J.: 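After the structure tokens below, expect a handful of questions from me.
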Amino acid sequence: MEVSETIAHHILDHDFGVMVGTLHLPVTAHTVTMVCISLVLLLTGILMARRGKSVFSRLLHTAGEEYVAFMRDGIVVPGMGVEGKQFLSYFCTLFLFILFSNLAGLIPQMKTITSNISVTGGLALCSGALIVYCGLKFHGLWGFIKTFVPGGTPWWLVPLIFPLEVISLLIRVCVLAIRLFANMLSGHMVLLSLLLIIFIIGGMSKMAGTGAAIPAMGLEIFMTLLELLVAFLQAYVFTLLTSIYVGLVIHSH
């Protein structure tokens, strides 16, 4: 039962909502986790923005400056050009939110909300909205529509190319959601499977189960460390791909 619940929370989130008169306020483990992450990000941002006199405050402020510089010079400007600087705050927030969400599952009673397709789908929709906004902002309505038809395309191919380019944009947004969801979910499934090996073998023989516990726990520790790497990597990839997709719209030809 506990195993099935552990797997199911990635797909179905139990609603512990409250009723305020006739209004139902949904409160789930994932929404609580998101609120906690948002509060931590808000507090971290405030502390980073301050130039305090203490050593900790100065170190945190310096770390914030280095982080913003990295996002600007390593992701936003290379992917979007100088036009992307005006969206730097969005990408800084996006990276940290995904990173904290990926790592939240390591805290007891917290959930890795990015292993829920609804959460990653919402993040992907935000990136998709940014793509459309930048297309309209830098090209106007008609100019944005023309970006779906590459320059030099024969007129008789336009009815075929245009819907394919629209579908391509939708696929990019879907890929953002599925890539993050699949990577975080698969990591949890591997960790759970390694733990189950101990109980499955232990059900056959207690001695064999005890012997299997040592290598299984060794692999469990290794996979947990690998999950830390994946958490950083997936946050970076999601943010980088978003900047590239937006840049393709801004600098379309």
Side-chain angles (χ1 to χ4, degrees), residues 26 30-31 34 37-38 41-42 45 49 64-65 67-102 113-114 116-184 233-253:
H30 287 180
T31 56
M34 281 191 284
I37 292 173
S38 300
L41 284 176
L42 179 61
E65 290 181 339
Y67 168 69
V68 172
F70 166 75
M71 294 297 297
R72 181 193 62 205
D73 301 330
I75 294 181
V76 176
V77 173
M80 302 172 59
V82 294
E83 296 88 352
K85 290 183 179 180
Q86 56 190 295
F87 304 105
L88 182 59
S89 58
Y90 170 78
F91 286 94
C92 290
T93 305
L94 178 66
F95 179 87
L96 286 180
F97 181 82
I98 296 176
L99 177 61
F100 283 23
S101 300
N102 293 345
I113 58 176
T114 44
N116 187 317
I117 189 63
S118 300
V119 176
T120 60
L123 292 171
L125 287 177
C126 291
S127 295
L130 180 63
I131 293 173
V132 175
Y133 172 78
C134 288
L136 296 174
K137 176 181 176 64
F138 290 97
H139 302 290
L141 178 59
W142 178 242
F144 178 56
I145 293 175
K146 289 195 296 183
T147 61
F148 293 102
V149 181
T153 303
W155 65 268
W156 50 273
L157 276 179
V158 172
L160 176 63
I161 295 298
F162 181 80
L164 288 178
E165 288 293 324
V166 174
I167 293 174
S168 175
L169 175 61
L170 296 177
I171 290 176
R172 292 172 186 171
V173 176
C174 293
V175 165
L176 287 174
I178 295 174
R179 180 194 298 273
L180 181 58
F181 158 73
N183 278 280
M184 299 313 300
L233 183 62
Q234 290 306 313
Y236 175 79
V237 169
F238 191 102
T239 309
L240 178 64
L241 288 178
T242 299
S243 70
I244 292 174
Y245 293 158
V246 176
L248 289 174
V249 173
I250 295 176
H251 301 286
S252 60
H253 299 286

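All of these numbers come straight from a predicted model, not from anything done at the bench.
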J.: Among Thr239, Ile244, Leu88, find the one that has a side chain to side chain contact (heavy atoms under 4.5 Å, CB included) with Ile75.
T.: Thr239
J.: Heavy atoms only: give me the nearest Ile113-Ser101 pair and the separation to one decimal.
T.: CD1-OG, 3.4 Å
J.: Tell me the closest heavy-atom pair linking Phe144 and Val249, and the distance in Å.
T.: CE1-CG1, 3.9 Å
J.: Can you see which heavy atom on Leu99 is nearest to which on Ala235, and at what distance?
T.: N-CB, 3.8 Å
J.: Between Val76 and Gly84, what is the shortest heavy-atom contact and its length?
T.: CG1-O, 3.1 Å
J.: When you compare the side chain of Phe87 with that of Ser243, does any pair of heavy atoms fall below 4.5 Å?
T.: no
J.: Applying ring-ring contact (aromatic ring centres under 6.0 Å, His included), name anything that partners Phe162, two or more places apart in sequence or on another chain.
T.: Phe148
J.: Looking at every heavy atom in both Leu123 and Tyr90, which two are closest together, and how far apart are they?
T.: O-OH, 4.5 Å
J.: One pair to check against side chain to side chain contact (heavy atoms under 4.5 Å, CB included): Phe181 and Val119. What are the steps and the verdict?
T.: CA-CA 8 Å; Phe181 158 73; Val119 176; over 6 Å; no
J.: Listed by chain and number, what are the side-chain contact (heavy atoms from CB on, under 4.5 Å) partners of Leu96, not counting sequence neighbours?
T.: Leu41, Tyr67, Phe100
J.: Going through the checks in order, is the side chain to side chain contact (heavy atoms under 4.5 Å, CB included) test met by Thr120 and Arg179?
T.: CA-CA 9 Å; Thr120 60; Arg179 180 194 298 273; over 6 Å; no
J.: Can you list everything that forms a side-chain contact (heavy atoms from CB on, under 4.5 Å) with Val173? Sequence neighbours excluded, please.
T.: Ala124
J.: If we only count heavy atoms from C-beta on, is the Lys85 to Met80 side-chain gap below 4.5 Å?
T.: no
J.: Looking only at heavy atoms, what is the nearest atom pair of Phe138 and Gln86, with distance?
T.: CZ-NE2, 3.6 Å
